[in-house]
Amino acid sequence: MSDCIFCKIIARQIPSQLVYEDEHAIAFKDMTPQAPTHVLIVPRKHVAGLSACGDGDQALLGHLQRVAAAVAEKAGIASGYRLVTNNGRSAGQSVDHLHYHLLGGRSMQWPPG
Ligand code: AMP
């Protein structure tokens, strides 16, 4: 998608602080971190969000969670982290390319705001 900021990061058209990449996913530091560790786990394939995923995306969705766990391990936060996806504007989604926020390095509150 030519107007998608995450597609541009994946295509290296704009810079990012990459922490992981493979054939199906990349992970980079959020530009507005909400925790000491705040990494976005993003599929290379453009899909607008979790609700836009279909049965054919099942393996990809599982893969993204495996990537998140690996990134958490590498970041030293495996003992406590939160993995979040915002789906839709009312949930706080601002970029319409599926992504998971990996947050850690501080205490978390529940329920989230
Ligand atoms: P969401 O609001 O759940 O859609 O999350 C989008 C996230 O992308 C926000 O936390 C932004 O800070 C982050 N973000 C937007 N543009 C960039 C960028 N160019 N590099 C890194 N993070 C970004």
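Just so you know, residue 1 is the first one in the sequence shown, and it goes up from there. Hydrogens, waters and symmetry mates play no part in the numbers below; they use all other heavy atoms, side chains included. Read the numbers this way: they start at 1 and go in the same order the structure lists the ligands and their atoms.
- Of all the atoms in ligand 1, the ones that sit under 4.0 Å from a non-hydrogen atom of T32 are 12 (O).
- Ligand 1 lies nowhere less than 4.0 angstrom from a heavy atom belonging to S16.
- Comparing D30, I14, N86 against atom 12 (O) of ligand 1, the shortest heavy-atom distance belongs to D30.
- Contacts between L40 and ligand 1 below 4.0 angstrom, taking non-hydrogen atoms only, involve the side chain exclusively.
- A tilted orientation is assigned to the rings of H38 and H101, their planes being inclined by 30° to 60°.
- Side chain of N87 to backbone of G49: no donor-acceptor contact under 3.5 angstrom is found.
- Using a 4.0 Å heavy-atom cutoff, I9 is listed among the residues neighbouring ligand 1.
- A donor-acceptor contact closer than 3.5 angstrom links the side chains of H97 and H46.
- Remark: ligand 1 atoms within the under-4.0 Å shell around heavy atoms of K29 are 21 (C).
- Ligand 1 has a nitrogen or oxygen under 3.5 angstrom from a nitrogen or oxygen of G92.
- Less than 4.0 angstrom separates some heavy atom of H101 from each of these atoms of ligand 1: 1 (P), 3 (O), 5 (O), 7 (C), 10 (O).
- Rounding to the nearest 0.5 Å gives a distance of 8.0 Å between SG of C4 and CG of D96.
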Decide salt bridge (charged side-chain N to carboxylate O under 4.0 Å, His left out) for E21 and R44; before the verdict, give the C-alpha distance in whole Å, the side-chain angles of both, and the deciding distance to 0.1 Å.
-> CA-CA 9 Å; E21 66 176 325; R44 288 188 186 275; 2.9 Å; yes

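- Here's the thing with H99: one of its N/O atoms is less than 3.5 angstrom from an N/O atom of ligand 1.
- Residue contacts with ligand 1: Q17 is excluded, as none of its non-hydrogen atoms falls under 4.0 Å.
- Within the structure, the closest approach of Q34 to ligand 1 does not fall below 4.0 Å when heavy atoms are considered.
- A single hydrophobic cluster is not seen to contain both V19 and L103; linkage of ILVMFWY side chains at heavy-atom distances under 4.5 Å, directly or through other members, places them apart.
- Considering backbone and side-chain N/O atoms, V95 comes within less than 3.5 Å of an N/O atom of ligand 1.
- Side-chain N/O atoms of N86 and H99 include no donor and acceptor closer than 3.5 Å.
- Residue F6 touches ligand 1 through its side chain alone, judged by heavy-atom distances below 4.0 Å.
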